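Working notes, structure below.
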Amino acid sequence: MEVRKAFTSATRTVSSTSLRERLSSLHSLTTTPLKPVANLHAHIEFVPSKIPRKRRLQTLAVAIWSTTIVWCITVFLILCSFPPLWPLLAVYMIWVLYIDKSPEHGGRLSPWFRSMSFWRYFADYYPASFLKTCELPPDRPYVFGYHPHGIIGGRGAICTFATESTGFSKAFPGIIPHLLTLASNFRMPFYRDIILAMGICSVSKQSCSNILKKGPGNSITIVVGGAAESLSAHPGTADLTLRKRLGFIKVAIQHGADLVPVFSFGENDIFQQMPNEKGTTLYNLQKKFQNVFGFTLPLFHGRGLLNYNLGLMPYRRRIVAVIGHPIHVVQCDKPTLEEITQVQQKYIDELMWIWNTYKDDFARTRRRELSIIE
């Protein structure tokens, strides 16, 4: 009986000691903050409550445009939930997919839509502007080459060539701009109608030819680097994909259109991309995705609606698109590779002139010089 009591007492003693130790360790865990959460709260810079109305409208304009595809598709799906609308929606989609050829024939440019005050707020957010280095007479067609692509297809290109927010038509009277984009964008309901009203068209070879054939004053703007260049878009850098891009130069020669290089300072600075140097696993996965789907998915972040450093909206960084001097080409239906490369070298020289002339004004925080990597 005495042994049993002693055993029970010892067990209780050990159990109470162990319990105190466990409670003590649990207490230390609860009083020690989780470092990632603590750091997150420490580094997020929230927007102050008192912000000028104009700046709020600028942020709202950028937020609306950044989510345009999402809400266009959402509205379309909501309309699809009403059976009485199915015949109209079916007719609309047949028209979009099989009948309407506007994306290949110059779009449906609306001067009123391009001049809306919405676009002024959109451009003033960064702010975005362009610098005119010379006159461009409207007695010939033009092919503008826009660099760099940036993370999300040329915000400066939208402001300069797809809207009147920066005053392109006043600076270059008689020139009709057409920014070009992937043909897949014109299969998205409602979104396609918005970009068509902005004068945006398909970047297909046939589309380029149809626009330039309209004669003097008509122009196309191609974001030359494309999806491949977006993987190289890091703040303070200007790594261009250009050496193998000969198609737009060939199109210019075939239609006797002057080539105009445009370099957009600040385009790469409005988002922060995750490190993805060549050879890394992330870079290889992004390239494979691009080869399969025709576009890629850079992993990036910007700011948010209510904070300055965490979200998917672009940072407020100045964008200045410098429009260079035109490179005159001699019209030729079947230019040789040698003729194309000669024109390309003149184009690159002009692009380098833009960089060397204006880098100290608009790229003071650069980490390295302009480089043509492919």
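Numbering starts at 1 and runs along the sequence shown. Treat the numbers as computed from the prediction; the structure is a model and nothing was measured.
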Completion exercise
Separation between CE (Met188) and CD1 (Ile194), nearest 0.5 Å, reads 12.0 Å
Practice task
Check whether any side-chain N or O of Thr357 sits under 3.5 Å from a backbone N or O of Ile354 as a donor-acceptor pair, and report yes or no.
Solution key: no
Problem - Aromatic ring proximity His147/Tyr347, centre distance under 6.0 Å - result: yes
Handout entry: Sidechain-backbone polar pair: Gln254 side chain, Asp333 backbone, donor-acceptor under 3.5 Å
Key = yes
Exercise for the section: May I ask you to decide if the ring planes of Phe118 and Phe122 are parallel, tilted or perpendicular, using 30° and 60° as cut-offs? Expected result: parallel
Exercise for the section: Please confirm whether the backbone N or O of Ile220 pairs with a side-chain atom of His178, one donor and one acceptor, at under 3.5 Å? Expected result: no
Practice task
First locate atom CZ of Arg108, then atom CG of Leu196, and finally report the distance between them rounded to the nearest 0.5 Å.
Solution key: 5.0 Å
Exercise for the section: Tell me whether the guanidinium CZ or amine NZ of Lys54 lies under 6.0 angstrom from the six-membered ring centre of Tyr121 and within 45° of its axis. Expected result: no
Practice task
Using a strict 4.0 Å threshold on nitrogen-to-oxygen distance, state whether Asp124 and Arg120 make a salt bridge.
Solution key: yes
Practice task
Check the angle between the aromatic planes of Trp65 and Tyr191 and answer parallel, tilted or perpendicular using the 30° and 60° thresholds.
Solution key: tilted
Exercise for the section: Spell out, as yes or no, whether a donor-acceptor pair under 3.5 Å connects the side chain of Asn268 to the backbone of Pro235. Expected result: no
Exercise for the section: Any chance you could measure Ser232, atom OG, to Leu240, atom CG, to the nearest 0.5 Å? Expected result: 9.0 Å
Practice task
Establish, for the pair Arg192 and Trp95, whether the NZ or CZ atom is under 6.0 angstrom from the six-membered ring centre and no further than 45 degrees off its axis.
Solution key: yes
Handout entry: Thr59 (side chain) donor-acceptor with Arg55 (main chain) under 3.5 angstrom
Key = yes
Practice task
Using modelled atom types only, decide if a donor and an acceptor are shared between the side chain of Ser204 and the backbone of Ser207 within a distance under 3.5 Å.
Solution key: yes
Exercise for the section: Supply the atom-to-atom distance Asn185 CG to Ile69 CD1, rounded to the nearest 0.5 angstrom. Expected result: 5.5 Å
Exercise for the section: Verify, without hydrogens or angle tests, whether Asn307 (side chain) and Val47 (backbone) share a donor-acceptor contact under 3.5 angstrom. Expected result: no
Exercise for the section: Evaluate ring pair (Phe, Tyr, Trp, His ring centres under 6.0 Å) for Phe144 paired with Phe248, printing each intermediate quantity in order. Expected result: CA-CA 9 Å; Phe144 294 91; Phe248 75 106; over 10 Å; no
Handout entry: Parallel, tilted or perpendicular, as decided by the 30° and 60° cut-offs, for the rings of His325 and Trp353
Key = perpendicular
Practice task
Measure from the ring center of Phe263 to the ring center of Phe265 and say whether it is less than 6.0 Å.
Solution key: yes
Problem - Straight-line distance of Leu306 CG to Ile44 CD1, nearest 0.5 Å - result: 11.0 Å
Problem - Lys244 and Glu374 ion-paired at < 4.0 Å - result: no
Exercise for the section: Over 60° means perpendicular and under 30° means parallel, so classify the ring planes of Phe161 and Tyr146, tilted if in between. Expected result: perpendicular
Exercise for the section: Quick one: pull up CZ in Phe130 and NZ in Lys132 and give me the separation to the nearest 0.5 Å. Expected result: 7.5 Å
Problem - Short side-chain to backbone donor-acceptor contact, Arg317 and Asp269, under 3.5 Å - result: yes
Problem - Note: Arg303-Glu45 ion pair, threshold 4.0 Å (strictly below) - result: no
